[in-house]
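Every value quoted in this text rests on a predicted model; they were computed, and no experiment measured them.
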Amino acid sequence: MRLRALLDFLFPAQCANCNALGAGLCNACVPRERPIQVRFPTLGVTAFGSYEGALRAAVLAVKDGRRDVAEALGLLVASFVRQGSLLVPVPTTPRRRRSRGFDGVTAIARHAAEIAGANVLDALARRTGDSQRGKSRSERLAARGRFCCNSNRVASQSVTLFDDVCTTGATLRDCADAIRSAGGSVEDAVVVAVTKSVPCTMNAS
């Protein structure tokens with residue numbers, strides 16, 4: 001705890017959008033829109049908001065290695081995580097994890113789970129170093145079989161997928177297929193944000 005206090009003093013949390021000190025995303029910059037729900041054929045997705053403005057800046061800051069912003073985003077989505085649930089984060093590529101020093105999606109999931117009283121299972125792995133970032137919509141939708149799942153961790157378990165951004169739903173679908181093939185059950189996912197290209201999007205009541 002002393003080390004954490006020292007690090008916070010030397011490197012205080014700073015808003016990813018306006019640079020104000022105090023939090024990875026300050027209260028003034030937190031989007032005020034209602035949560036977004038998306039329904040795919042075999043998976044329901046809940047997102048804090050749209051992938052734009054301050055929320056986009058925060059997600060990109062985590063991708064650049066900002067742990068303070070990961071903590072702030074975990075706080076934002078914690079209310080969407082059911083107490084006692086099992087969160088399975090979508091893993092980043094090993095190359096990106098090495099360059100950033102940590103897995104941003106897993107970091108956000110762990111902060112959210114700690115607040116919500118849930119647990120995180122690192123059950124997924126990438127079969128290749130292939131990433132969806134920078135691909136066209138058609139290329140993303142065509143991607144299949146990029147993940148494998150540890151059956152010892154998810155067999156007979158009901159889990160919730162967790163990711164930072166849902167662009168087409170292809171990555172979440174691929175992960176859900178891997179979990180089901182390993183004997184697990186998954187019907188929903190929690191993400192920080194969804195892009196405007198995601199079909200069948202509606203605001204939650």
How about Asp103 and Thr92: does a side-chain donor come under 3.5 Å of a side-chain acceptor? no
For residues Phe147 and Thr171, determine if any side-chain heavy atom of one lies less than 4.5 Å from a side-chain heavy atom of the other. yes
Rounded at 0.5 Å granularity, tell me how far CZ in Arg126 sits from CZ in Arg97. 9.5 Å
Gln83 side, atom CD; Ile115 side, atom CD1 - distance, nearest 0.5 Å: 13.0 Å
Report yes or no: is the cationic atom of Arg67 (NZ for Lys, CZ for Arg) closer than 6.0 Å to the six-membered ring centre of Phe102, at no more than 45° off its axis? yes
Any chance CD of Gln157 has more than 12 other-residue heavy atoms, nucleotides or ligands included, within less than 6.0 Å? yes
Note: Ser50 and Leu55 closest approach over all heavy atoms is O-CD2, 3.5 Å
Take Asp174 and Arg127 through the test salt bridge (charged side-chain N to carboxylate O under 4.0 Å, His left out) and record every step on the way to the result. CA-CA 12 Å; Asp174 215 4; Arg127 294 185 184 277; over 6 Å; no
Distance-only, no hydrogens or angles: does the Asp68 side chain make a donor-acceptor pair with backbone N or O of Gln14 under 3.5 Å? yes
State which residue, out of Leu73, Val59, Leu76, fulfils the side chain to side chain contact (heavy atoms under 4.5 Å, CB included) condition with Ile108. Leu73
To the nearest 0.5 Å, how far apart are OG in Ser79 and CZ in Phe48? 7.5 Å
Take atom CZ in Arg66; do more than 12 heavy atoms of anything else shown fall under 6.0 Å from it? yes
With the side chain counted from C-beta on, respond yes when Thr167 and Tyr51 share a heavy-atom pair under 4.5 Å apart, and no when they do not. no
Side chains of Leu121 and Asn150: closer than 4.5 Å at any heavy-atom pair? no
Taking all heavy atoms of Pro89 and all of Ala109, pick out the closest pair and write down the distance. CB-CB, 4.3 Å
Locate the shortest heavy-atom distance separating Ala189 from Thr160; write the atom from each residue and the value. CA-CG2, 4.0 Å
For a 4.5 angstrom cut-off between non-hydrogen side-chain atoms, does Val190 reach Arg82? no
If you draw a 6.0 Å radius around CZ in Arg180, do more than 12 non-hydrogen atoms from other residues or ligands fall strictly inside? yes
State the SG-CG distance between Cys175 and Leu124, to the nearest 0.5 angstrom. 5.0 Å
Sub-4.5 Å side-chain heavy-atom contact between Val191 and Leu161: no
Indicate yes or no: at least one non-hydrogen side-chain atom of Asp163 is less than 4.5 angstrom from one of Leu172. yes
Checking Val81 against Leu87 for the side chain to side chain contact (heavy atoms under 4.5 Å, CB included) test, could you report, in this order, the C-alpha distance in whole Å, the side-chain angles of both residues, the deciding distance, and whether it holds? CA-CA 8 Å; Val81 177; Leu87 292 184; 4.0 Å; yes
Is there a donor-acceptor pair under 3.5 Å between the side chain of Ser185 and the backbone N or O of Ser158? no
What are the two closest non-hydrogen atoms of Ala70 and Ala107, and how far apart are they? CB-CB, 4.1 Å
So with a 6.0 Å cut-off around CD of Glu187, is the heavy-atom count from everything else above 12? no
Let me check something: do Leu75 and Val120 share a hydrophobic cluster, defined by ILVMFWY side-chain heavy atoms less than 4.5 Å apart, either directly or through other members? no
Would Arg153 and Val88 satisfy side chain to side chain contact (heavy atoms under 4.5 Å, CB included), going step by step from the backbone distance to the final call? CA-CA 10 Å; Arg153 306 219 70 188; Val88 176; over 6 Å; no
Glu52 and Lys196: which non-hydrogen atoms are nearest, and at how many Å? OE1-CE, 3.2 Å
Can you find a heavy atom in the side chain of Val105 that is under 4.5 Å from one in the side chain of Pro91? no
Value rounded to 0.5 Å, distance of CZ in Arg173 from OG1 in Thr168: 7.0 Å
Please report the interatomic distance CD1(Ile36) to OG1(Thr46), rounded to the nearest 0.5 Å. 10.5 Å
So which atom in Ala16 and which in Ala61 form the shortest heavy-atom distance, rounded to 0.1 Å? CB-CB, 3.8 Å
